[in-house]
Q: 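Just passing along the structure, written as structure tokens.
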Amino acid sequence: PPELRVHPTGNLILLTRTTGSIVSGQIWSLALTAGIIFVLMAAMFLSTRVGLIAMVPNVFPLFVFFGLMGVTGAELNFGTNIIASIALGVAVDDTIHIMMRLSSAIRTTSDQEHALLETLSTVGKPALYASLILCLGFLTLGFSTFVPIREFGFLSAATIIVGLVGEIALLPALLATTPI
């Protein structure tokens, strides 16, 4: 009858709304975080161009992470939702260390290539070791029999390795082609 109002309900409706909230929350939080990081990087180095360059190795692992999720069929849930934030945090930390050391090295020498090599030899090693230790720590979760924990471990480890490649290979390549 027309006087009755119908509202869909049940577990499927709740799960659909929850998944929609996770996805929209993930997009919003990552976009906001990336925007804030860009502003901070550009302000630290007084250059929008350097801020953009610094963002590339920070968002690179996120694109690979979401690609891996699509290829492997992993679901975006509460556990996997955190991985992007962890990867972004590790990548930003390494980027700040590398960029600050490079900025300091450029002030002492006029040769940017030499400053970049010096930076990688001093800051690159700790970034490598820290990322490898984190990766091994997350890989131990891969032995879990609980599928969400196993996915979290493998995806986290893979994303941290991709972030390391971005910091050790991609960032120096971009910085070598752009005068600071």
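What you see is a predicted model; the values in this text were computed from it and never measured.
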Q: Tell me the side-chain hydrogen bond (donor to acceptor under 3.5 Å, both in side chains) pairs involving residues 163-178, sequence neighbours left out?
A: Thr95-Glu167
Q: Examine Leu46 and Met100 and state if one hydrophobic cluster contains both, with Ile, Leu, Val, Met, Phe, Trp and Tyr joined whenever side-chain heavy atoms are less than 4.5 Å apart.
A: no
Q: Hey, are the side chains of Leu40 and Ile36 touching, using non-hydrogen atoms and a 4.5 Å cut-off?
A: yes
Q: Please check if any side-chain donor atom of Ser103 sits under 3.5 Å from a side-chain acceptor atom of Arg107, or the reverse.
A: yes
Q: With a 4.5 Å limit on heavy-atom distance, are the side chains of Phe152 and Phe138 in contact?
A: yes
Q: Drop me the distance from His97's NE2 to Leu102's CG, to the nearest 0.5 angstrom.
A: 14.5 Å
Q: Any chance you could lay out the side-chain contact (heavy atoms from CB on, under 4.5 Å) test for Leu88 and Ile37, step after step, and finish with the verdict?
A: CA-CA 10 Å; Leu88 189 58; Ile37 291 168; 4.0 Å; yes
Q: Among all residues two or more places apart in sequence or in another chain, which pass the ring pair (Phe, Tyr, Trp, His ring centres under 6.0 Å) test with Phe45?
A: none
Q: So if you build clusters from Ile, Leu, Val, Met, Phe, Trp, Tyr with side-chain heavy-atom gaps below 4.5 Å, do Leu120 and Ile96 land together?
A: no
Q: Evaluate the side-chain proximity of Tyr129 to Ser131: yes if any heavy-atom separation is below 4.5 Å, no if none is.
A: no
Q: Check salt bridge (charged side-chain N to carboxylate O under 4.0 Å, His left out) between Glu151 and all other residues, then give those that pass, not counting sequence neighbours.
A: none
Q: Show the nearest heavy-atom pair for residues Pro57 and Ala91, with the distance to one decimal.
A: O-CB, 4.1 Å
Q: If you measure from OG1 on Thr119 to NE2 on His114, what distance do you get to the nearest 0.5 Å?
A: 10.0 Å
Q: Using the rule that two of Ile, Leu, Val, Met, Phe, Trp, Tyr join whenever any of their side-chain heavy atoms come within less than 4.5 Å, decide whether Leu62 and Val56 are in one cluster.
A: yes
Q: Does Ile82 offer a backbone N or O that forms a donor-acceptor pair with the side chain of Gln26 under 3.5 Å?
A: no
Q: Hey, does the side chain of Thr108 reach the backbone of Ala105 with a donor-acceptor pair shorter than 3.5 angstrom?
A: yes
Q: Would you say that Ile53 contacts Leu171 through its side chain, given a criterion of any heavy-atom pair below 4.5 Å between the two side chains?
A: yes
Q: Applying the 4.5 Å side-chain criterion to the ILVMFWY set and letting contacts propagate, would Val39 and Val92 be lumped into a single cluster?
A: yes
Q: For residues 117-127, which residue pairs pass the salt bridge (Lys or Arg N to Asp or Glu O under 4.0 Å) check, not counting sequence neighbours?
A: Arg101-Glu118
Q: Going by atom type alone, with no hydrogens or angles, which donor-acceptor pairs under 3.5 Å involve a side-chain atom of residues 158-166 and a protein atom two or more places apart or on another chain?
A:
residue: Thr159; atom: OG1; partner: Leu155; partner atom: O; Å: 2.6

Q: Are Thr48 and Phe38 side-chain neighbours, meaning at least one heavy-atom pair lies under 4.5 Å?
A: yes
Q: Using only atom types and a distance under 3.5 Å, with no angle test, would you say the side chain of Ser144 pairs donor to acceptor with the backbone of Leu141?
A: no
Q: The criterion is ring pair (Phe, Tyr, Trp, His ring centres under 6.0 Å); which residues satisfy it with Phe65, sequence neighbours excluded?
A: none
Q: Start with the C-alpha distance between Leu52 and Met55, add both sets of side-chain angles, then the distance that settles side-chain contact (heavy atoms from CB on, under 4.5 Å), and finish with yes or no.
A: CA-CA 5 Å; Leu52 286 172; Met55 286 307 296; 5.5 Å; no
Q: For the residue pair Val50 and Met99, establish whether any side-chain heavy-atom pair is separated by less than 4.5 Å.
A: yes
Q: Once you round to the nearest 0.5 Å, how far does CG of Leu132 lie from CG of Leu139?
A: 10.5 Å
Q: Report the distance from atom CG of Leu12 to atom CZ of Arg17, rounding to the nearest 0.5 Å.
A: 11.0 Å
Q: Can you list the steps and then say if Glu75 with Met69 is a side-chain contact (heavy atoms from CB on, under 4.5 Å)?
A: CA-CA 7 Å; Glu75 293 181 15; Met69 284 186 67; 5.8 Å; no
Q: Group every Ile, Leu, Val, Met, Phe, Trp and Tyr by side-chain heavy-atom contacts under 4.5 Å, then state whether Val64 and Phe66 land in the same group.
A: yes
Q: For the residue pair Met41 and Asn58, establish whether any side-chain heavy-atom pair is separated by less than 4.5 Å.
A: yes
